[in-house]
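In what follows, a structure is listed as C-alpha cells, so that the remarks can point back to it.
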Protein chains: 2
Amino acid sequence: MLSKSAEYALRATIYIALKGSEDNKLGIDEIAKAIDSPQYFTAKILQLLTKNNGVVSSVRGPNGGFYLSDAARKLPVRAVLEAVGEDGIITKCVLGLKECSESRPCPMHDQYRAIKAQLRQMFEKTTIQALAEESAKGKIVINNRPPKKKA
Amino acid sequence: MLSKSAEYALRATIYIALKGSEDNKLGIDEIAKAIDSPQYFTAKILQLLTKNNGVVSSVRGPNGGFYLSDAARKLPVRAVLEAVGEDGIITKCVLGLKECSESRPCPMHDQYRAIKAQLRQMFEKTTIQALAEESAKGKIVINNRPPKKKA
DNA sequence: TAAAATAAAGATAAAAATATCTTTTATTAG
DNA sequence: CTAATAAAAGATATTTTTATCTTTATTTTA
C-alpha cells in the first residue's frame with residue numbers, strides 16, 4: 001500500500017509528535033528504536049520531512065534532535081506523504097493509467113472513486129496531532145514490543 | 001498504490017478477457033502493445049497468472065496465446081492481485097505494523113477500517129468479466145493512444 | 001516429419017528502493 | 001575557544017523491482 005519510506009515517515013512523525021517538544025527534542029537513535037525502523041534510513045527520511053515542507057524541525061548539537069512545531073502538529077497527514085513523494089495513493093489511477101479521468105475512466109474508476117475520496121478525506125482531514133493523541137490513548141506505533149520503560 | 005506488476009497484471013487480464021477467447025487466443029506482443037506495457041516483463045507476469053492460480057490460460061505453438069476460461073472470468077479481481085503477491089493492500093496495516101489488529105490497533109486503524117473493507121469489497125465482489133464488460137462499454141485499459149485499428 | 005509459431009524458462013541487465021557507513025557542519029556546554 | 005554532541009550531507013552497498021534478451025519446449029500445420 002505505502003512504501004517503507006512512507007511507513008517510517010508516518011510512524012516517526014507520530015512518535016515525535018507524541019514524545020517530543022521544542023524543549024525535549026528526540027535523537028534519531030531513540031526514534032528509530034522506538035518505531036522499529038532502520039536508523040540511518042530513518043534519518044534520511046526525517047531529512048526529507050525537515051526540508052521538503054517543514055513537517056519536522058531539527059537542530060544539531062548537544063540537546064539537539066527532532067521535534068514538531070505547533071504549526072506542524074496541525075498539518076494534515078497528507079503533508080507527510082507528500083514530503084516522501086507518496087501521495088499517489090490519493091491521486092493516481094488504480095490501474096496506473098495516466099489517461100484515466102472522469103471523462104475517460106478506466107474499468108475500475110467508478111468503483112474506486114468513492115474509496116479514493118475517503119482515502120483523501122482520511123489523509124487530509126486528519127492532523128498529525130490527532131494521530132499523536134490516538135497514540136497517547138494507547139494506539140501502537142511499534143512492532144513486536146510491549147510499551148517499554150526507559151533504561 | 002499498486003506495483004507495476006499488479007497494474008500490468010490487471011490491465012492484461014482485462015484486455016484478454018475483453019478481446020480473447022478459447023478460439024481467439026492473444027499473443028503477448030499484441031497484449032503488451034494494447035495495454036502499453038513492456039512486452040517481456042508482461043510475459044513474465046502472465047506466466048504467474050497462468051501458474052499461480054489459473055487466472056489466465058495459455059497454449060504454445062501456432063495459433064497459441066492467452067485466453068480466459070469461463071471459470072476464470074468469474075474469478076474476483078483479487079485473484080489477479082494474489083497471483084502477483086499484491087493483496088497487501090487489503091490485508092495489511094497502513095503503517096506497516098505486523099502487530100496492528102483490532103485488539104491492538106495503530107493510530108490510523110479505526111479510520112482505515114471502513115476504507116479497507118470497501119477496498120476488499122471492490123476486489124472481491126468484482127469479477128474479471130465485470131471489468132471486461134466495463135471495458136467493452138468504453139472504459140479504457142491503455143495509455144496515450146486512441147483505440148487503434150489493426151495494421 | 002519438418003518447419004514455423006508461440007509461450008515457458010532461464011539468464012542477464014538496469015533502475016529504483018532500501019539500508020549502512022563516513023565525513024562535515026552546526027550547536028552547545030564547559 | 002575547545003571539546004563533545006547531534007543532525008546534515010555525501011558516498012557506498014544491498015536488495016527488490018522492473019525490464020530485456022536468449023534458449024528451450026510445445027503445438028500446429030504443411
Side-chain angles (χ1 to χ4, degrees), chain A residues 1-13 15-16 20 22-33 35-52 54-68 81 83-86 88-89 96 143, chain B residues 1-13 15-16 20 22-33 35-52 54-68 81 83-86 88-89 96 143:
Chain A
M1 168 98 158
L2 294 175
S3 65
K4 298 268 180 153
S5 294
E7 291 173 1
Y8 299 154
L10 289 169
R11 279 154 49 193
T13 303
Y15 181 80
I16 296 168
E22 185 147 10
D23 43 50
N24 179 33
K25 309 189 188 77
L26 308 180
I28 185 60
D29 51 340
E30 171 184 351
I31 296 166
K33 230 166 261 165
I35 67 170
D36 191 24
S37 68
Q39 167 168 344
Y40 294 115
F41 190 54
T42 307
K44 291 292 183 193
I45 291 165
L46 288 181
Q47 280 178 39
L48 288 179
L49 290 167
T50 302
K51 281 192 304 190
N52 284 6
V55 174
V56 171
S57 304
S58 72
V59 310
R60 308 191 222 195
N63 299 313
F66 299 92
Y67 68 99
L68 264 68
L81 297 183
V84 295
E86 275 278 327
I89 189 174
N143 269 318
Chain B
M1 167 97 158
L2 294 175
S3 66
K4 299 269 180 156
S5 294
E7 291 173 0
Y8 299 153
L10 290 169
R11 280 155 47 194
T13 302
Y15 181 79
I16 296 169
E22 184 147 9
D23 42 51
N24 180 31
K25 310 190 188 74
L26 308 180
I28 185 60
D29 51 339
E30 170 184 352
I31 296 166
K33 232 166 258 164
I35 67 170
D36 192 23
S37 68
Q39 167 170 345
Y40 294 115
F41 189 54
T42 308
K44 291 293 184 193
I45 291 164
L46 288 182
Q47 281 178 39
L48 289 180
L49 289 167
T50 300
K51 283 191 303 190
N52 284 7
V55 174
V56 172
S57 304
S58 73
V59 311
R60 310 192 221 195
N63 299 312
F66 299 92
Y67 68 99
L68 264 68
L81 298 184
V84 295
E86 275 278 326
I89 189 175
N143 270 317

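For clarity, every value in this text was computed on a predicted model and none was experimentally measured. Below, each value reflects all heavy atoms present in this structure, side chains not excepted, and no hydrogens, waters or symmetry copies. Chain letters run A, B, ... following the sequence lines, proteins first, then strands; residues in each count from 1.
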#### Entry: Heavy-atom pair of closest approach, residues A/L81 and A/A6
CD2-CB, 4.3 Å
#### Entry: Any residue meeting side-chain hydrogen bond (donor to acceptor under 3.5 Å, both in side chains) with A/E7, in chain and number order, not counting sequence neighbours
none
### Rounded to 10 degrees, the angle between the two terminal axes of the helix from C/dT1-D/dA30 to C/dG30-D/dC1, each from five pairs
0°
### Task
Measure from CG on A/D36 to P on C/dA19 and round the result to the nearest Å.
11 Å
### Message
Just to verify, what does A/Y15 make a side-chain hydrogen bond (donor to acceptor under 3.5 Å, both in side chains) with, not counting sequence neighbours?
### Response
A/E30
### Query
To the nearest angstrom, how far is A/I28 atom CD1 from D/dA9 atom P?
14 Å
#### Entry: B/N24: partners by side chain to side chain contact (heavy atoms under 4.5 Å, CB included), with sequence neighbours left out
B/S21, B/L26
### Query
Can you find a side chain N or O atom of B/Q47 that sits less than 4.0 Å from OP1 or OP2 on C/dA9?
yes
### Message
Let's see if you can work this out: which of D/dA8, C/dA8, D/dA9 has an atom nearest to the side-chain heavy atoms of A/K51?
### Response
D/dA9
#### Entry: Spacing of A/I31 atom CD1 relative to D/dA8 atom P, expressed in whole Å
10 Å
### Task
Quick one: label B/L48 by what it contacts on the DNA or RNA (base, sugar-phosphate, nothing), any heavy atom closer than 4.0 Å.
nothing
## Note on the structure
Taken to the nearest 0.5 Å, the spacing of A/T13 OG1 from A/Y8 OH works out to 14.0 Å
### Residue whose nearest DNA chain C nucleotide is more 5′ - A/G64 or A/Y8
A/Y8
Check nucleotides 15-17 of chain C against the protein and report each pair of N or O atoms closer than 3.5 Å, with its distance, or say if there are none.
none

### Query
Side-chain contact, heavy-atom cut-off 4.5 Å: A/N63 with A/K25?
no
### Query
Nearest-Å distance, CD (B/E30) to P (C/dA7)?
10 Å
### Task
Rounded off to whole Å, could you give me the CG-to-P distance for the A/D23 and C/dT28 pair?
13 Å
### Task
Locate the shortest heavy-atom distance separating B/I16 from B/Y67; write the atom from each residue and the value.
CG2-CA, 3.5 Å
## Note on the structure
Sequence neighbours excluded, the answer for side-chain hydrogen bond (donor to acceptor under 3.5 Å, both in side chains) partners of B/S58 is none
#### Entry: Side-chain N or O of A/T50 closer than 4.0 Å to phosphate OP1/OP2 of D/dA7
no
### Task
Grab the two heavy atoms, one from A/I31 and one from A/A12, that are nearest each other, plus how far apart they are.
CG2-CB, 4.0 Å
### Query
For A/I35 and C/dA19, what is the distance between atoms CD1 and P respectively, to the nearest whole Å?
11 Å
### Query
With respect to the phosphate group of C/dT6, does any side-chain polar atom (N or O) of B/S58 fall under 4.0 Å of OP1 or OP2?
no
If you look only at distance, which donor and acceptor atoms sit under 3.5 Å apart when one is on a side chain in residues 38-51 of chain A and the other is two or more places apart or in another chain?
from	atom 1	to	atom 2	distance (Å)
A/T42	OG1	A/S37	OG	2.6
A/T42	OG1	A/P38	O	2.6
A/T50	OG1	A/L46	O	2.7

#### Entry: Euclidean distance, A/E86 CD relative to A/M1 CE, rounded to 0.5 Å
10.0 Å
### Task
Using a 4.5 Å cut-off on heavy atoms from C-beta on, say whether the side chain of B/L2 contacts that of B/L10.
yes
### Task
Give the nucleotide from the list D/dA19, C/dT20, D/dA8 with an atom nearest to the side chain of B/P38.
D/dA19
### Query
Taking atom C1' of C/dT18 as reference, at what distance in whole Å does atom CD1 of A/I45 sit?
9 Å
### Message
Measure CD/A/Q39 against P/C/dT20 and give the value in whole Å, please.
### Response
9 Å
### Summary
Scoring nucleotides 21-30 of chain D by protein non-hydrogen atoms under 4.0 Å (B base, S sugar-phosphate only, - none) yields BB--BBBBS-
